[in-house]
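Sequence positions, counted from 1, serve as the residue numbers for this chain. Order of listing sets the numbers, starting from 1, for every ligand and every atom in it.
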Amino acid sequence: MNTIVEKQKSWFKEGHTRSYTFRKEQLLKMKKMMTTFEKPIMNALKFDLNKSEYEAYASEIAFLRSEIDHHIKQLKSWMQPTKVKTPLTHTGSKNFIQKEPYGTVLVIAPWNYPIQLSLAPVVGAIAAGNTVILKPSELTPTVSWVLKKMIEQYFPPHLIAVVEGDKEVTQELLDQPLDYIFFTGSVPVGKIIMEKAGRQLIPVTLELGGKSPTIVHKDASIDLAAKRIVWGKFTNAGQTCIAPDYLYVHHEVKAELIRSMKKYIHEFYGENPLENPDYTKIVNESHFNRISSYLESGITVEGGTTDEQQHKISPTILDQITWSDTVMQDEIFGPVLPVLTYDNLDEVIEQVNNRPKPLALYYFGENENDQQHVLQNISFGGGCINDTLYHIINPHLPFGGVGESGIGNYHGYASFETFTHEKSITKQTTKFDQSFRYPSSSFGLAMMKRFFG
Ligand code: NAD
């Protein structure tokens, strides 16, 4: 491992990654790689997670294509130094921010969108002129193997290397003299990563998870809300970091919302989702058992069936849930939607604020004052008004958490910014010298008082 890191670091020092031309070439290669490997990627996603072609294409391949294209289009302007204003004290100088890559970046990826969440940070890191070591998740081994093969075919290991393995391998990587660590995964592992990085003062981005609420107020467009919630929750069988984790619904519209959600579950996944060949499975037995145990909470009003052999759990709605139920203790990360009821929006705000800041929040309701009330009184990573998940696919919106749901963000320019050190430069004139700053200046103090008040 230290050989890979050493090779990447010394190659980086030689300056190959600095030019716009080089970086653009790598992004074009990445685009080509995505096309060449489209079929193996789809097959691997089917094998490891039973992802349908539609889901695999929409949430992994199309997402990455758009991200790569956006980087190619904007890279030149992003790389330019940013000029800043020159205050009176700096008269004669030019002031700007030079964009500098960090060096060697470690990207640690999870298994739920194993292609997108591995390669989207790599796109940003390469565009910003870094070298990358990618550690995919061991829970999706076929995808991990395909990632290794495709990267090896398109990139030399001194630029991008894939290191496969479990937490021991990751721990070993974390001991290396890296320049940046980008981690996507769970909160407990995020804490381990940050602690390890802290020992060497390596900067980190942590893209974590948590329980993301969905609030449906009494003035929401109920049928549409139901459709968008069902889509956001059960895509990838709920194994989405920003999926609605639980539902908070105003008591006046609860019955109607549940009725509509049941309708859309049947429309999207059929009368028996467990027999739908395109319905995503739960990644492994331990996650299957963990999620199945939640089925004992509350009253099941939809789904609740499981197939142990195939690791499938049908889209499930649990009614009459309270905060003390097991299903409300941790992030669900599966196709189980608990429903809590409220009378007053401020109750919801208080309950959500009593818990760690969520990665996402979705609010359904027409009144703009209520929308603003929620936005201004709950802190969360990002989200939607009257929709779910959609904010993540706009490359102009930075994506990341806050508090326990993460540190830093990426996507589009935010990715370039994340993997770039902003070096502040004052380029001073040598044509004259302002003497007021020197201790011997007779009018220095008077000048400073004039400048600074
Ligand atoms: P995880 O934290 O178990 O694993 C993530 C990565 O860390 C894997 O590559 C794994 O090998 C490695 N790892 C695991 N234990 C480790 C340890 N002790 N030391 C060092 N490395 C270790 O997460 P997961 O199960 O792969 O993914 C699910 C979690 O990720 C959920 O909490 C979800 O919300 C979160 N997530 C967040 C985002 C986001 O963008 N914010 C996206 C996807 C998933």
Side-chain angles (χ1 to χ4, degrees), residues 1 48-49 59-60 63 67 106-121 124 133-141 143-144 147-148 162-176 178 181-197 199 202 204-212 233 235-245 282-288 290-291 329-334 356-361 380-383 389 391-393 397-411 414-415 418:
M1 248 167 241
D48 285 345
L49 288 160
S59 63
E60 310 248 19
F63 180 93
E67 189 71 1
L106 171 63
V107 172
I108 305 167
W111 51 264
N112 58 330
Y113 291 89
I115 294 287
Q116 187 219 121
L117 297 173
S118 294
L119 293 181
I133 296 166
L134 167 65
K135 210 300 281 175
S137 172
E138 70 281 19
L139 298 197
T140 38
V143 174
S144 173
L147 275 166
K148 192 169 169 62
V162 177
V163 176
E164 291 186 282
D166 58 9
K167 64 180 178 194
E168 271 72 40
V169 170
T170 320
Q171 299 270 350
E172 226 178 293
L173 282 168
L174 291 168
D175 288 332
Q176 303 302 316
L178 302 157
I181 298 169
F182 188 102
F183 171 80
T184 307
S186 61
V187 175
V189 179
K191 288 179 183 169
I192 297 172
I193 304 290
M194 190 155 176
E195 203 185 316
K196 277 260 191 185
R199 285 184 210 158
I202 301 170
V204 290
T205 294
L206 301 177
E207 295 283 342
L208 310 177
K211 286 184 94 62
S212 297
K233 175 71 189 185
T235 289
N236 208 30
Q239 301 168 114
T240 304
C241 57
I242 51 164
D245 184 274
I282 306 304
V283 67
N284 64 15
E285 196 180 343
S286 105
H287 280 282
F288 174 83
R290 178 184 62 78
I291 302 162
Q329 306 315 308
D330 288 308
E331 181 183 8
I332 298 167
F333 220 57
K357 295 178 179 178
L359 179 60
L361 183 142
F380 54 95
L389 315 189
H391 61 300
I392 202 175
I393 43 185
L397 287 174
F399 172 70
V402 57
E404 267 212 14
S405 56
I407 296 173
N409 49 43
Y410 74 131
H411 288 180
S415 288
T418 285

Going by the 4.0 angstrom heavy-atom rule, the piece of N112 near ligand 1 is side chain

Which protein heavy atom lies closest to atom 2 (O) of ligand 1, and at what distance to 0.1 Å?
S186 OG, 2.7 Å

Are side-chain heavy atoms of F183 and V204 found at a separation under 4.5 Å?
no

Among L359, N284, T240, T184, closest by heavy atom to atom 5 (C) of ligand 1 is T184

Among all protein heavy atoms, pick out the one at the shortest distance from atom 41 (N) of ligand 1; state its residue, atom name and that distance to 0.1 Å.
L208 O, 2.6 Å

Using a strict cut-off of less than 4.0 Å between a Lys/Arg side-chain nitrogen and an Asp/Glu carboxylate oxygen, indicate whether E195 and K191 qualify as a salt bridge.
no

Mark up the atoms of ligand 1 that fall under 4.0 Å of a heavy atom belonging to A109, in ascending order.
6 (C), 8 (C), 9 (O)

Looking only at protein heavy atoms, identify the closest one to atom 7 (O) of ligand 1 and say how far it is in Å.
F183 CE1, 3.3 Å

Provide the number and element of each atom of ligand 1 under 4.0 Å from a heavy atom of G209.
34 (O)

Measure up the F182 and Y410 rings against each other and bin them: parallel (under 30°), tilted (30 to 60°), perpendicular (over 60°).
perpendicular

What pair of heavy atoms forms the shortest contact from E164 to V169, and how long is it?
O-CG1, 3.7 Å

Test your reading of the structure: does E138 have an N or O sitting under 3.5 Å from an N or O of ligand 1?
yes

Using heavy atoms and a 4.0 Å limit, tell me yes or no: is Y113 in contact with ligand 1?
no

Give me the residue, atom name and distance of the protein heavy atom closest to atom 39 (C) of ligand 1.
C241 SG, 3.4 Å

Heavy-atom contacts with I108 under 4.0 Å: which atoms of ligand 1 show up? List them by number with element.
6 (C), 7 (O), 9 (O)

Could you tell me which residues satisfy salt bridge (Lys or Arg N to Asp or Glu O under 4.0 Å) with E60, sequence neighbours excluded, listed by chain and number?
K51

F333 heavy atoms within 4.0 Å reach ligand 1 at atoms 28 (C), 31 (C), 33 (C), 34 (O)

Taking both backbone and side-chain atoms of Y410, is any N or O found less than 3.5 Å from an N or O belonging to ligand 1?
no

Report, in ascending order of atom number, the atoms of ligand 1 lying under 4.0 Å from any heavy atom of I192.
18 (N)

Measure S405 to ligand 1 on non-hydrogen atoms and call it side chain, backbone, both or neither using the 4.0 Å cut-off.
neither

For atom 34 (O) of ligand 1, the protein heavy atom that lies nearest, with its residue and separation:
E331 OE2, 2.5 Å

K135 heavy atoms within 4.0 Å reach ligand 1 at atoms 8 (C), 9 (O), 10 (C), 11 (O)

E207 side chain near T205 side chain, heavy-atom distance below 4.5 Å
yes

Identify the protein heavy atom lying closest to atom 25 (O) of ligand 1, giving its residue, its atom name and the separation to 0.1 Å.
W111 NE1, 2.8 Å

What residues, two or more places apart in sequence or in another chain, satisfy salt bridge (Lys or Arg N to Asp or Glu O under 4.0 Å) together with K167?
none

Please find the pair of heavy atoms, one from V402 and one from P358, that lie closest to each other, and give the distance.
CG1-O, 4.4 Å

May I ask you to check whether V189 has an N/O atom sitting below 3.5 Å from an N/O atom of ligand 1?
no

Taking every non-hydrogen atom, the tightest pair across C241 and L208
CB-O, 4.5 Å

Where does L117 meet ligand 1, judged by heavy-atom distances below 4.0 Å: at the side chain, the backbone, both, or neither?
side chain

Answer yes or no: is there a side-chain heavy-atom contact under 4.5 Å between H411 and I392?
yes

Hey, does N112 have a side-chain heavy atom less than 4.5 Å from the side chain of F333?
yes

Nearest non-hydrogen protein atom, atom 40 (O) of ligand 1:
F399 CE2, 3.2 Å

Are any of the N/O atoms in G185 less than 3.5 Å from those in ligand 1?
yes

Can you name the one residue among T184, L174, L206, V189 that meets side-chain contact (heavy atoms from CB on, under 4.5 Å) with I108?
L174

heavy-atom search around atom 16 (C) of ligand 1 in the protein gives K167 CB, 3.3 Å

Got I242 and H391 here, is their nearest side-chain heavy-atom distance under 4.5 Å?
yes

I'd like to check which ligand 1 atoms, numbered from 1 as shown, lie under 4.0 Å from a non-hydrogen atom of Q171.
17 (C), 18 (N), 19 (N), 20 (C)

Evaluate Y113 against F63 for ring pair (Phe, Tyr, Trp, His ring centres under 6.0 Å), listing each step before the verdict.
CA-CA 11 Å; Y113 291 89; F63 180 93; 9.0 Å; no

